[in-house]
Amino acid sequence: MNILVINPGSTSTKISVYENDSEIFTKSVFHDADVLEKYNNINDQIPFRKEVVLQMLNDNGINIEDIDAFVGRGGGAYSQKEGVTIIDEYLYADTLKGVDGSDHPAKLGVLIAYDFGTKYGKPMYTMNPTNLDELTDVARITGIEGVYRSPSSHALNQKAVARYYCEQNSLEYEDVNLIVAHIDGGITIGAHHHGKMIDCNVGSGGDGPFAPTRVGSVPIRSLIDYLKKHSLSEVEQMLSKTGGFVSFFGTSKAETVREMMNKGDKKATIVWHAMVYNIAKQIGAMSAVLKGDVKQIILTGGYIRFNDLVEEIKDYCGYIAPITIIKDREQETLALEAYKVLTNKNKAIVYERKPVFNKFDFDE
């Protein structure tokens with residue numbers, strides 16, 4: 001049984017092919033800002049990303065007609081609960097519309113999986129989308145009545161590495177408190193309390209640390225001043241495509257920024273360390289959410305390849321809890337959990353066509 005995993009990110013397209021529960025290969029293609037900026041919205045990237053997927057399959061001698069199930073990373077539809085979800089016409093339609101208000105590349109995983117699955121008549125699944133919703137009531141409230149925080153995070157990988165850490169240490173995920181920091185093209189840092197991600201910065205919504213492609217938190221007054229000289233659409237693009245490193249340097253590629261640093265570029269050096277500083281601040285905030293009861297801080301995502309970044313975070317946050325490094329487990333989790341469904345060892349859930357949270361009972 002051949003399973004294709006499709007994982008579009010803010011700066012890359014990654015795929016894996018599994019035969020049953022064994023990995024055949026995993027490949028990733030990096031897309032710099034100038035490649036993706038020409039698309040007005042995420043949906044416009046579908047033909048481009050599909051061609052990237054097909055090319056990677058071809059390069060590795062895999063015929064797409066030999067794939068038995070398609071699994072895509074998800075987001076963009078109504079918020080969902082934890083678990084493997086069947087991609088049906090309703091999930092596809094709501095993802096295409098972006099009914100949750102976000103426009104993150106993760107949604108392309110569902111859209112491309114659906115296109116391939118319907119064309120070849122094969123099963124299609126997703127799991128733990130970017131808007132997986134386990135927030136507590138107090139985490140939703142903002143200082144504007146009726147304006148609520150909606151989840152947008154690397155829930156798939158955060159949950160995967162949290163469960164993996166617990167398995168490796170003979171712990172139950174439902175019994176411990178963890179902080180997980182996913183650090184890559186986007187950065188999200190979540191508080192995991194007894195099996196639920198009860199709070200996390202809204203990664204693609206202008207909340208938390210700025211990232212290679214994301215603007216992060218900006219004081220509202222400063223943003224209003226910025227809008228006097230720039231359009232709303234420009235700011236919307238900065239939420240997940242042209243903010244962060246792209247705004248400062250015109251590229252989202254970390255190696256380019258670090259090369260500038262190594263040559264003594266003061267701007268690159270300050271911006272890089274400011275990003276790490278803000279990551280540490282968000283970890284500190286999540287420790288407060290968990291009232292200081294933190295079993296472990298887990299760092300994951302592509303940027304854990306930079307040892308100095310990891311050491312700097314340890315210097316800031318090591319007093320909170322021990323820090324563990326775990327590489328991304330998105331591909332493996334999507335493949336293996338889908339395989340359990342395909343072999344009747346687990347059941348997939350059906351998309352409910354409504355958000356986990358809509359409003360409080362005191363709302364009009």
Side-chain angles (χ1 to χ4, degrees), residues 8-10 36-37 39-46 72-82 85 87 89-112 114 126-137 139-156 158 182 185-188 190 197 199-211 213-218 220 223-224 226-227 230-244 351-360 363-364:
S10 57
L36 300 180
E37 280 181 28
Y39 298 102
N40 293 325
N41 56 60
I42 299 300
N43 288 353
D44 290 344
Q45 296 181 24
I46 293 173
R73 187 178 171 205
Y78 289 123
S79 57
Q80 297 168 49
K81 299 176 183 178
E82 184 176 13
T85 302
I87 301 176
E89 65 269 31
Y90 303 109
L91 179 56
Y92 172 81
D94 284 349
T95 301
L96 192 66
K97 293 176 187 173
V99 294
D100 77 336
S102 70
D103 196 34
H104 187 277
K107 67 187 291 189
L108 295 169
V110 164
L111 299 178
I112 295 172
Y114 183 85
T126 187
M127 180 183 183
N128 295 354
T130 55
N131 58 355
L132 174 78
D133 192 346
E134 298 176 325
L135 297 180
T136 60
D137 286 347
R140 300 185 191 280
I141 298 291
T142 74
I144 303 176
E145 184 176 11
V147 176
Y148 300 124
R149 295 177 70 244
S150 299
S152 178
S153 73
H154 300 89
L156 174 63
Q158 286 211 30
H182 178 108
I187 298 172
T188 59
M197 190 165 67
D199 200 354
C200 188
N201 64 294
V202 184
S204 60
D207 181 38
F210 67 84
T213 62
R214 297 178 180 176
V215 68
S217 296
V218 178
I220 298 297
L223 183 59
I224 291 171
Y226 186 85
L227 279 166
H230 301 82
S231 69
L232 181 60
S233 62
E234 285 181 83
V235 174
E236 288 176 335
Q237 289 286 306
M238 294 178 75
L239 292 177
S240 61
K241 290 176 65 177
T242 61
Y351 175 59
E352 295 185 359
R353 302 164 62 185
K354 62 180 181 180
V356 172
F357 169 83
N358 187 21
K359 61 181 180 180
F360 291 106
D363 289 322
E364 295 183 1

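Because the structure is predicted, anything quoted here is derived from the model rather than measured.
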By salt bridge (Lys or Arg N to Asp or Glu O under 4.0 Å), which residues pair with Arg149, not counting sequence neighbours?
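Partners of Arg149 under the salt bridge (Lys or Arg N to Asp or Glu O under 4.0 Å) test: Asp199, Asp207.
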Excluding sequence neighbours, so at least two apart, what forms salt bridge (Lys or Arg N to Asp or Glu O under 4.0 Å) with Glu352?
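By the salt bridge (Lys or Arg N to Asp or Glu O under 4.0 Å) rule, Glu352 matches Lys81.
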Give the ring-plane orientation class for His104 versus His154, where under 30° counts as parallel, over 60° as perpendicular and anything between as tilted.
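Perpendicular.
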Can you name the closest pair of heavy atoms from [X] and [Y] and give their distance?
X	Y	value
Ser150	Val202	O-CG2, 3.3 Å
Gly76	Ser102	CA-OG, 4.0 Å
Arg73	Pro8	NH1-O, 3.2 Å
Ile187	Phe210	CD1-O, 3.6 Å
Pro105	Gly9	CB-O, 3.5 Å
Tyr148	Asp363	OH-OD1, 2.7 Å

Would you sort out whether Val110 and Tyr351 count as a side-chain contact (heavy atoms from CB on, under 4.5 Å), showing the intermediate values?
CA-CA 12 Å; Val110 164; Tyr351 175 59; over 6 Å; no
Please report the interatomic distance [atom1]([X]) to [atom2]([Y]), rounded to the nearest 0.5 Å.
X	Y	atom1	atom2	value
Asp133	Asp100	CG	CG	10.5 Å
Ile112	Ile87	CD1	CD1	10.5 Å
Ser204	Lys241	OG	NZ	12.5 Å
Ser79	Lys354	OG	NZ	11.0 Å
Leu132	Met127	CG	CE	9.5 Å
Lys107	Ile46	NZ	CD1	7.5 Å

So does [Y] get a backbone contact from the side chain of [X], meaning a donor-acceptor N/O pair under 3.5 Å?
X	Y	result
Thr130	Ser152	no
Ser217	Gly208	yes
Asn43	Leu96	yes
Thr213	Gly185	yes

Is any side-chain heavy atom of Leu135 closer than 4.5 Å to one of Phe357?
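Phe357 does not reach Leu135 side chain to side chain.
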Criterion side-chain contact (heavy atoms from CB on, under 4.5 Å) on Thr95 and Tyr114, from CA distance to verdict
CA-CA 11 Å; Thr95 301; Tyr114 183 85; over 6 Å; no
Starting from the C-alpha separation in whole Å, work towards a yes-or-no answer on side-chain contact (heavy atoms from CB on, under 4.5 Å) for Tyr92 and Leu111.
CA-CA 6 Å; Tyr92 172 81; Leu111 299 178; 3.6 Å; yes
Please test Glu82 against Asn128 for side-chain contact (heavy atoms from CB on, under 4.5 Å), starting from the C-alpha separation and ending with a verdict.
CA-CA 5 Å; Glu82 184 176 13; Asn128 295 354; 3.4 Å; yes
Glu145 atom CD: more than 12 heavy-atom contacts under 6.0 Å
no
Strictly by modelled atom types, are Thr188 and Gln158 linked by a side-chain donor-acceptor pair under 3.5 Å?
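Note: Thr188 and Gln158 side chains meet the donor-acceptor criterion.
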